[in-house]
Structure formats: C-alpha cells, structure tokens
**Q** 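Could you have a look at this structure, given as structure tokens, before my questions?
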Amino acid sequence: QVQLVESGGGSVRAGGSLRLSCAASGYTSWHYYMGWFRQAPGKEREGVAAIYTSGGSTFYADSVKGRFTISRDNTGNTLYLQMNSLKPEDTAMYYCAAPNRYRYTGAPLESLEYNYWGQGTQVTVSS
C-alpha cells in the first residue's frame, strides 16, 4: 500500500515560487512513475507533471512548461514540484499520485493511470 503526503503549498504573489513535496511510503522500485496533478474549483483534475522513476524522463503540461520542474530525491521516497513564475491561473489544490506496482503507461499525465493519491496541498497565487 502506497501512502502519499503532500506539503509546501501556500499563498504567493504572481511571479513568486513554491516547492511542493510529496513523502511516499510503501513506494518501491516496481512503481515506474509518479505525478503531480491539480484541480481548481469547478474544473477537472489536470495532469501537471510526471516522472518515470527509471531513467528520469519527465513530462509537463503545456501550461507549466519552462516554469515547473518535477524531481525526486536520491532515495526515491520524496517527490518534488518546483514552481517558478507562478500565475493566478496556477491556483488549485495540488495532488501527488502514484500507480500500482508493475503498471506502465504511455500517458503519465492522465489521472486514470494512477491508483494512489495524496490529500492535496493548496496553492493560491494572487495578482
């Protein structure tokens, strides 16, 4: 069983930065990817960034390319999302997600490809 706990959200002004963290327990080398998603009020959940744990390939939504960076620590137990040049439209609840073991996907920004979710951390960007 994978458990995910996000932290690092908060309120910032447009142009500011935040770094989100996701502490993962029960996560093993047989989990092949992890991702960050967000959901704003009245909107569908959106894939923001994802990383393949073997090889480190990363994927980003067009709306965050060049501004957000996904990474993992050396132990593989913590996932990060560095968010720079934040915009008001980045305001949302941000979630960390992981798949079942041995599951592979060619669409790591699709929420249906994930089985485990954290409770989320709120990011609010004011203009």
Side-chain angles (χ1 to χ4, degrees):
Q1 185 79 2
V2 176
Q3 293 185 319
L4 305 169
V5 180
E6 304 95 334
S7 61
S11 297
V12 296
R13 293 245 179 132
S17 298
L18 284 172
R19 187 173 83 154
L20 306 184
S21 298
C22 172
S25 59
Y27 193 83
T28 72
S29 59
W30 302 113
H31 295 86
Y32 298 141
Y33 56 96
M34 292 186 76
W36 285 100
F37 290 75
R38 67 185 181 188
Q39 188 166 20
K43 294 190 176 181
E44 292 188 355
R45 189 167 294 188
E46 171 191 23
V48 174
I51 185 167
Y52 284 144
T53 56
S54 178
S57 295
T58 56
F59 305 83
Y60 297 96
D62 288 343
S63 57
V64 306
K65 278 181 183 176
R67 300 188 298 122
F68 290 12
T69 303
I70 187 172
S71 62
R72 297 167 69 228
D73 71 351
N74 290 337
T75 68
N77 292 330
T78 304
L79 185 71
Y80 300 104
L81 185 67
Q82 178 66 44
M83 306 187 295
N84 298 329
S85 302
L86 283 162
K87 303 176 181 180
E89 51 264 44
D90 294 319
T91 295
M93 185 72 78
Y94 282 71
Y95 299 90
C96 173
N100 281 331
R101 286 183 301 173
Y102 314 122
R103 182 173 186 172
Y104 184 79
T105 181
L109 293 180
E110 295 294 329
S111 60
L112 291 177
E113 301 299 320
Y114 291 83
N115 303 95
Y116 299 98
W117 297 85
Q119 293 190 323
T121 185
Q122 177 68 37
V123 172
T124 302
V125 185
S126 59
S127 57

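Remember, predicted model here, so these are calculated numbers, not experimental data.
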**Q** Less than 4.5 Å apart, any side-chain heavy atom of Tyr114 and any of Phe37?
**A** yes
**Q** Can you measure from OG (Ser71) to CD1 (Ile51) and round to the nearest 0.5 angstrom?
**A** 6.5 Å
**Q** Taking Gln39's backbone N and O only, do any of them form a donor-acceptor pair with Tyr95's side chain (distance below 3.5 Å, no angle check)?
**A** no
**Q** Can you label the angle between the Tyr52 ring and the Tyr104 ring as parallel, tilted or perpendicular, going by 30° and 60°?
**A** parallel
**Q** Please report the closest heavy-atom contact between Pro88 and Ser127, naming both atoms and the distance.
**A** CG-CB, 3.9 Å
**Q** For Leu81 and Thr69, what are the C-alpha separation, side-chain angles and deciding distance, and is it a side chain to side chain contact (heavy atoms under 4.5 Å, CB included)?
**A** CA-CA 6 Å; Leu81 185 67; Thr69 303; over 6 Å; no
**Q** How far apart are the closest heavy atoms of Ala24 and Leu4, and which atoms are they?
**A** CB-CD2, 3.7 Å
**Q** Is the charged tip of Arg45 near the ring of Trp117: under 6.0 Å from the six-membered ring centre and within 45° of its axis?
**A** yes
**Q** Any sub-3.5 Å donor-acceptor pair from Tyr33's side-chain atoms to Glu113's backbone N or O?
**A** yes
**Q** Is there a side-chain contact between Asp90 and Arg38, using heavy atoms and a 4.5 Å cut-off?
**A** yes
**Q** Starting from Val48, can I reach Tyr60 by hopping between I/L/V/M/F/W/Y residues whose side chains sit under 4.5 Å apart?
**A** yes
**Q** With side chains defined as the heavy atoms from C-beta onward, is the minimum distance between Phe68 and Leu86 less than 4.5 Å?
**A** yes
**Q** Within the distance-only criterion (no hydrogens, no angle test), does the side chain of Tyr32 pair as donor or acceptor with the backbone N or O of Asn100 below 3.5 angstrom?
**A** no
**Q** In this structure, would Met93 and Met83 fall into the same cluster of hydrophobic residues linked by side-chain contacts under 4.5 Å?
**A** no
**Q** May I ask you to test the Ser111-Glu46 pair for a side-chain heavy-atom distance under 4.5 Å?
**A** no
**Q** Within the supplied structure, the quantity of interest is the number of heavy atoms (other residues, nucleotides, ligands) at a distance under 6.0 Å from Gln3 CD; does it exceed 12?
**A** no
**Q** Going through the checks in order, is the side chain to side chain contact (heavy atoms under 4.5 Å, CB included) test met by Arg13 and Val125?
**A** CA-CA 5 Å; Arg13 293 245 179 132; Val125 185; over 6 Å; no
**Q** Met34 versus Cys96: any side-chain heavy-atom pair under 4.5 Å?
**A** yes
**Q** To the nearest 0.5 Å, what is the distance between OG1 on Thr91 and CD on Gln122?
**A** 7.5 Å
**Q** What heavy-atom pair brings Gly47 and Ala61 nearest, and what distance separates the two atoms?
**A** O-CB, 3.3 Å
**Q** Determine whether Val5 and Gln119 make a side-chain contact, defined as any pair of heavy atoms from C-beta on separated by less than 4.5 Å.
**A** no
**Q** Please give me the minimum heavy-atom distance between Gly9 and Leu20, naming the atom from each residue.
**A** N-CD2, 3.6 Å
**Q** Should Ile70 and Tyr80 count as side-chain neighbours, where that means a heavy-atom distance under 4.5 Å?
**A** no
**Q** Stepwise, does the side chain to side chain contact (heavy atoms under 4.5 Å, CB included) test hold for Thr53 with Arg72?
**A** CA-CA 8 Å; Thr53 56; Arg72 297 167 69 228; 3.6 Å; yes
**Q** Report yes or no: does Asn84 contribute a side-chain atom to a donor-acceptor pair with the main-chain N or O of Ser17 at less than 3.5 Å?
**A** no
**Q** Test side chain to side chain contact (heavy atoms under 4.5 Å, CB included) on Lys87 and Arg67; report intermediate values, then the result.
**A** CA-CA 10 Å; Lys87 303 176 181 180; Arg67 300 188 298 122; 3.8 Å; yes
**Q** Got a sec: does the CZ of Arg103 have more than 12 other heavy atoms crowding it under 6.0 Å?
**A** yes
**Q** Closest approach of Val2 and Ala98, non-hydrogen atoms and distance?
**A** CG1-CB, 4.2 Å
**Q** With under 30° as parallel and over 60° as perpendicular, where do the rings of Tyr116 and His31 fit, or are they tilted in between?
**A** perpendicular
